[in-house]
Amino acid sequence: MTTILRGNIIHAPSLGRLETLERGYLVLEDGKIQGLYSVLPEAYRSLHVEDYGEGLILQSFADMHLHAPQYAMAGMGMDLPLLEWLDTYTFPAEARYADLDYARRAYRKLAADLIACGTTRVAMFSTLHTDATLILMEELERSGVTGYVGKVNMDRNGGKNLQETTEESVSETLRWLDQCHFEHIKPILTPRFTPSCTDALMEQLGRIAAERGLYVQSHLSENRGEMAWVRELCPDCGQYWETYAKHGLWKSHTIMAHCVHSDEREQRAMAEAEVLAVHCADSNVSLCSGTAPVREMLERGVWVALGSDVAGGAILGMNDAITASIRASKIKSMETGAAFLTVPEGYYLGTTAGHRYFGAGAGFAAGDRLHAIVVDESRFPEPVRALSLSERLERALYLMDSRDIRAVYSDGRKVLG
Ligand code: GUN
Ligand code: FE
């Protein structure tokens, strides 16, 4: 089956480089990108063209770190630092997901809103509840979101309503894994962070990861108070990352959210292991965690992508995560002189860098299943002059929200519009 889309195509094949095609053609064969053309090849000329007119055909977003249960508490407790925010707002909010009717309603709304704001790939935390996690996976699958979801493991410091025993955590993880039969949503092991998981639990998770070939996601060096706590809990580890590494959880495609205070040694450990560092600028500013050394990490060869960290970040739309990362990098730049992130770099980090996690190529690469959005700019103010496509991308990233997204393609299927 051949599908042909037409519009203003803008993609980011590498960090800082945009490729644009004015009123170009994107040809799909069975949902896979066959090619991009300025002039449609003869062989396709008799076929129907889905013409989006002046619409912008952009890569869809990859949100590489967010907490599904926290969407319902977005915009709450933002004046607290991380550890108090977790105890006061987050853990009580997550405890609600023992109620499966509540979970169904909350997750159905999240899944629809993700697609509406153009996020088609995710790496997501659920809660420790196995059945609610399966409901989340079902709802994401139904809406067209693809990617990884983790049942959270936590056997300490969660309080009485949000904690498992070590044995429960392991047996529930195995029960959950046995029931994960979704086409587009796969399981990822999710020790919440070191303060939530004993060594005994981490060790078992490391074993399960190795035996079943599973990826791992967690948090790293987000906040100074958190880091001091980890040093107290794990006096045998020189640095935070080693608390994961010592149990086999630090490996290629391990996802570490935040990395705000990762120093040169920790960054080099990430680069060496091919760990994905997920930068969540909105969250890091809102919870006063800091501004991550993104430029430094990139220069050291660390694989960096972006996350909304909903609800440490209050906004689901990844275009906002992109502009937040640009703003945070400018604060960093004013402090340290490091070059800030440009718009093409932000777009790359919010799209291609995350899509790579799922095996995708560079930008709209031939052979990849299409993940794309179509943005309609008609709600924006009339521009003061004719704009280039890269200027239109910049304006779209700063101004757009779900109202401006006319169509969404996920894994080669049209899932909105
Ligand atoms: N560290 C451990 N849990 C969390 C969480 O839910 N959000 C954030 N931002 N950091 C965490
Ligand atoms: Fe987080």
Side-chain angles (χ1 to χ4, degrees), residues 63-97 110 122-129 133 136 148-159 161-164 188-198 201-202 216-230 233 240-241 243-244 249 254-262 276-292 305-316 318 321 324-325 328 354:
D63 189 343
M64 297 309 292
H65 180 71
L66 76 162
H67 298 262
Q70 297 174 21
Y71 188 46
M73 53 158 277
M76 293 180 68
M78 305 305 271
D79 290 345
L80 294 176
L82 174 68
L83 299 177
E84 284 171 55
W85 174 78
L86 287 174
D87 283 340
T88 315
Y89 284 91
T90 313
F91 291 172
E94 291 196 12
R96 282 284 273 132
Y97 290 78
L110 169 68
V122 296
M124 188 183 267
F125 282 48
S126 173
T127 59
L128 54 73
H129 309 96
T133 303
L136 169 61
Y148 291 94
V149 167
K151 173 223 169 306
V152 169
N153 297 100
M154 43 196 305
D155 70 341
R156 65 177 171 187
N157 297 315
N161 294 321
L162 198 72
Q163 196 168 296
E164 318 155 293
I188 182 167
L189 291 182
T190 307
R192 181 173 205 122
F193 67 157
T194 299
S196 297
C197 299
T198 60
L201 177 56
M202 293 274 214
V216 176
Q217 61 179 355
S218 193
H219 293 93
L220 184 70
S221 300
E222 175 178 3
N223 163 290
R224 298 251 184 233
E226 168 212 22
M227 293 166 72
W229 195 14
V230 170
L233 290 168
Y240 195 161
W241 67 276
T243 65
Y244 301 114
L249 298 166
T254 288
I255 301 177
M256 284 290 153
H258 304 300
C259 312
V260 173
H261 303 287
S262 297
L276 173 66
V278 184
H279 175 46
C280 307
D282 186 24
S283 167
N284 297 158
V285 171
S286 289
L287 299 179
C288 289
S289 299
T291 48
L306 303 184
S308 66
D309 192 32
V310 155
I315 302 170
L316 197 62
M318 283 297 290
S325 75

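Quantities reported herein were computed from a predicted structural model and do not represent experimental measurements. When a ligand or atom number is given, it counts from 1 through the structure's own listing order.
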- [ ] Compare all side-chain heavy atoms of Phe125 with those of His219 and state whether any distance is below 4.5 angstrom.
- [x] yes
- [ ] Could you establish whether Trp85 and ligand 1 come within less than 4.0 Å of each other, counting only heavy atoms on the residue side?
- [x] yes
TODO: Would you mind checking which non-hydrogen protein atom is closest to atom 3 (N) of ligand 1, with the distance to 0.1 Å?
DONE: Arg192 NE, 2.8 Å
Task: Test log, rule side chain to side chain donor-acceptor pair (under 3.5 Å), inputs Tyr244 and Thr254 - done: CA-CA 10 Å; Tyr244 301 114; Thr254 288; over 6 Å; no
Task: Sub-4.5 Å side-chain heavy-atom contact between Ser262 and Met256 - done: no
- [ ] For Asp309, take its heavy atoms, then give the atoms of ligand 1 lying under 4.0 Å from any of them.
- [x] 8 (C), 9 (N)
TODO: Please confirm whether Gln70 comes under 4.0 Å of ligand 1, counting heavy atoms of the residue only.
DONE: yes
Open item on the list: Geometry only, no angles: is Glu222 polar-contacting ligand 1 at N/O separations under 3.5 Å?
Closed with: yes
Open item on the list: Pair Thr127, Val152 - check side-chain contact (heavy atoms from CB on, under 4.5 Å), show working.
Closed with: CA-CA 5 Å; Thr127 59; Val152 169; 5.5 Å; no
- [ ] For Cys259 and His279, run side-chain contact (heavy atoms from CB on, under 4.5 Å): C-alpha distance rounded to whole Å, both residues' side-chain angles, the deciding distance at 0.1 Å, then the answer.
- [x] CA-CA 7 Å; Cys259 312; His279 175 46; over 6 Å; no
TODO: With side-chain contact (heavy atoms from CB on, under 4.5 Å) as the test, would you mind laying out the steps for Arg192 and Asp155 before giving the verdict?
DONE: CA-CA 10 Å; Arg192 181 173 205 122; Asp155 70 341; over 6 Å; no
Task: His258 side chain near Asp309 side chain, heavy-atom distance below 4.5 Å - done: yes
- [ ] Pick whichever of Thr90, Leu82, Leu66, Leu86 has a heavy atom sitting closest to atom 5 (C) of ligand 1.
- [x] Leu86
- [ ] Run through the protein N/O/S atoms less than 2.8 Å from the Fe ion (ligand 2) and write them out by chain and number.
- [x] His65 NE2, His67 NE2, His219 NE2, Asp309 OD1
Task: Contact check, side chains of Leu162 and His129, non-hydrogen atoms, under 4.5 Å - done: yes
Task: Side-chain heavy-atom pair Phe193, Glu226 within 4.5 angstrom cut-off - done: yes
